[in-house]
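No hydrogens, no waters, no symmetry mates; every other heavy atom, side chains included, goes into these values.
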Amino acid sequence: KNGKIDLVGWNFKKDGAIKLEGDWTFWWKKKISPDVFLTPDLLPANDGYFKQPGRWNGQKSPQSENEVLDGHGFATYYLKVDLGNRYQDLAIISPSGYTAFELFIKSSDDQNFRLLLSNGNPGTTRETTIPQYLDVESERLRMKGITEFVFIVSNFHHNSGGTTVPISISDYDTMVE
């Protein structure tokens with residue numbers, strides 16, 4: 001809710017995977033470098049919250065009340081997840097979708113964001129966007145505490161924009177079985 005998920009009591013080995021569904025903080029037509037999130041005063045004003053997964057098609061434009069979004073465009077999403085104070089060996093999974101994306105992560109032990117998953121190249125125009133259609137999953141991640149996600153998504157090649165399948169967090173050993 002409101003760009004945050006509390007998973008403090010969740011044990012991924014016992015309780016299973018979690019889909020990162022719900023309201024992510026949203027910037028429409030803004031491709032924001034993850035480094036900007038390290039200094040929140042530099043962030044542009046957001047455009048509210050957008051459900052993940054969620055298609056852009058037919059949604060009201062956050063920048064104009066009279067405009068309805070089609071499937072073409074780009075956006076930056078942000079989510080903060082509290083994993084609690086106990087380390088867990090986790091994996092992040094993103095099933096294939098119709099969009100190009102980059103998913104950056106910063107866990108409580110990291111100083112900076114790092115690129116975790118990508119699918120194609122999310123650009124700001126049709127010419128700079130390279131679509132791809134792959135299931136992607138991360139390596140083993142030893143994580144605890146506050147984990148931040150920056151998700152950059154673009155689509156200029158398919159009629160359906162946005163996301164259709166949620167990103168998930170899973171126990172690593174369960175995911176590779």
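A donor-acceptor pair under 3.5 Å links the side-chain atoms of Ser154 to the main chain of Gly123, judged by distance alone. Formation of a donor-acceptor pair under 3.5 Å by the Thr99 side chain with backbone atoms of Asn155 is not found in this model. Of the possible polar contacts, one joining the Thr76 side chain to the Lys30 backbone as a donor-acceptor pair under 3.5 Å is found. In this structure, the side chain of Asn121 does not engage the main chain of Ala100 through any donor-acceptor pair within 3.5 Å. His158 places no side-chain N or O within 3.5 Å of a backbone atom of His72 that could act as its donor or acceptor partner.
When each of Phe37, Phe151, Tyr77 is checked for a ring-ring contact (aromatic ring centres under 6.0 Å, His included) with Trp27, only Phe37 meets the rule.
Following chains of ILVMFWY side-chain contacts shorter than 4.5 Å, one cannot reach Ile130 starting from Leu115, and the two form parts of different hydrophobic clusters. At a threshold of 4.5 Å between side-chain heavy atoms, the hydrophobic network of Ile, Leu, Val, Met, Phe, Trp and Tyr places Leu43 and Phe113 in one connected group. Ile32 and Ile105 are assigned to two separate hydrophobic clusters, defined by single-linkage of ILVMFWY side chains at heavy-atom distances under 4.5 Å. Clustering ILVMFWY residues whenever any of their side-chain heavy atoms sit less than 4.5 angstrom apart, transitively, puts Trp24 in the very cluster that holds Leu69. There is no path of hydrophobic side-chain contacts, each under 4.5 Å, that joins Tyr78 to Trp28.
A 4.5 Å side-chain heavy-atom check between Lys29 and Phe74 finds at least one atom pair inside the cut-off. Annotation: side chain of Val153 is not in contact with side chain of Pro122 (no heavy-atom distance under 4.5 Å). With contacts defined as side-chain heavy-atom distances shorter than 4.5 Å, the pair Tyr172/Leu90 does not qualify. Residues Asn2 and Tyr49 have side chains in contact (heavy-atom distance under 4.5 Å, counting atoms from C-beta outward).
No more than 12 heavy atoms of other residues, nucleotides or ligands lie within 6.0 Å of CD in Glu65, so this atom counts as exposed by the packing criterion. By the neighbour-count criterion of 12 heavy atoms within 6.0 Å, atom NZ of Lys31 is densely surrounded, having more than that number from other residues, nucleotides or ligands.
Of all heavy-atom pairs between Ala17 and Trp10, the closest is O-CZ2, 4.3 Å. Across every non-hydrogen atom of Leu38 and Gln111, the tightest pair is CD2-O, 3.8 Å. Contact detail for Gln132 and Gly120: the closest heavy-atom pair is OE1-N, 2.7 Å. Here the shortest heavy-atom pairing between Met143 and Leu83 reads CE-CD1, 3.5 Å. Minimum interatomic distance between Leu79 and Lys4 (heavy atoms only, all atoms of both residues): CD1-N, 3.8 Å. Residue Thr129 comes nearest to Phe156 through the heavy atom pair OG1-CD1, 3.3 Å, listed as atom of the first residue, atom of the second, then distance.
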Is there a side chain to side chain contact (heavy atoms under 4.5 Å, CB included) between Ile169 and Phe149? Walk through the geometry before answering.
CA-CA 12 Å; Ile169 302 178; Phe149 294 88; 4.2 Å; yes
Gln88 and Lys144: side chain to side chain contact (heavy atoms under 4.5 Å, CB included), yes or no, with the steps?
CA-CA 7 Å; Gln88 298 188 66; Lys144 72 171 187 171; over 6 Å; no
For a side chain to side chain contact (heavy atoms under 4.5 Å, CB included) check, start with the C-alpha distance between Leu141 and Leu116, then their side-chain angles and the critical distance, and finish with the verdict.
CA-CA 10 Å; Leu141 303 167; Leu116 184 66; 3.9 Å; yes
Evaluate Asp23 against Lys51 for side chain to side chain contact (heavy atoms under 4.5 Å, CB included), listing each step before the verdict.
CA-CA 4 Å; Asp23 295 330; Lys51 288 224 180 292; 3.1 Å; yes
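Residue Ile146 holds its CD1 atom at 12.5 Å from CG of Asp109, rounded to the nearest 0.5 Å. Between the OG atom of Ser160 and the CG atom of Asn57 there is a distance of 4.5 Å, given to the nearest 0.5 Å. The distance from the CG atom of Leu103 to the CG atom of Leu20 is 8.5 Å, given to the nearest 0.5 Å. For the atom pair CD1 of Ile152 and CZ of Phe101, the computed distance is 11.5 Å after rounding to the nearest 0.5 Å. Distance check, rounded to the nearest 0.5 Å: NZ of Lys13 to OG of Ser170 gives 9.5 Å. Ile18 contributes atom CD1, which lies 6.0 Å from atom CZ of Phe12 (distance to the nearest 0.5 angstrom).
For an aromatic pair to be called close, the ring centres must be under 6.0 Å apart, and Phe26 with Phe50 satisfies this.
Under the salt bridge (charged side-chain N to carboxylate O under 4.0 Å, His left out) criterion, the residue pairs touching residues 72-90 are Asp89-Arg140, Asp89-Arg142, with sequence neighbours excluded.
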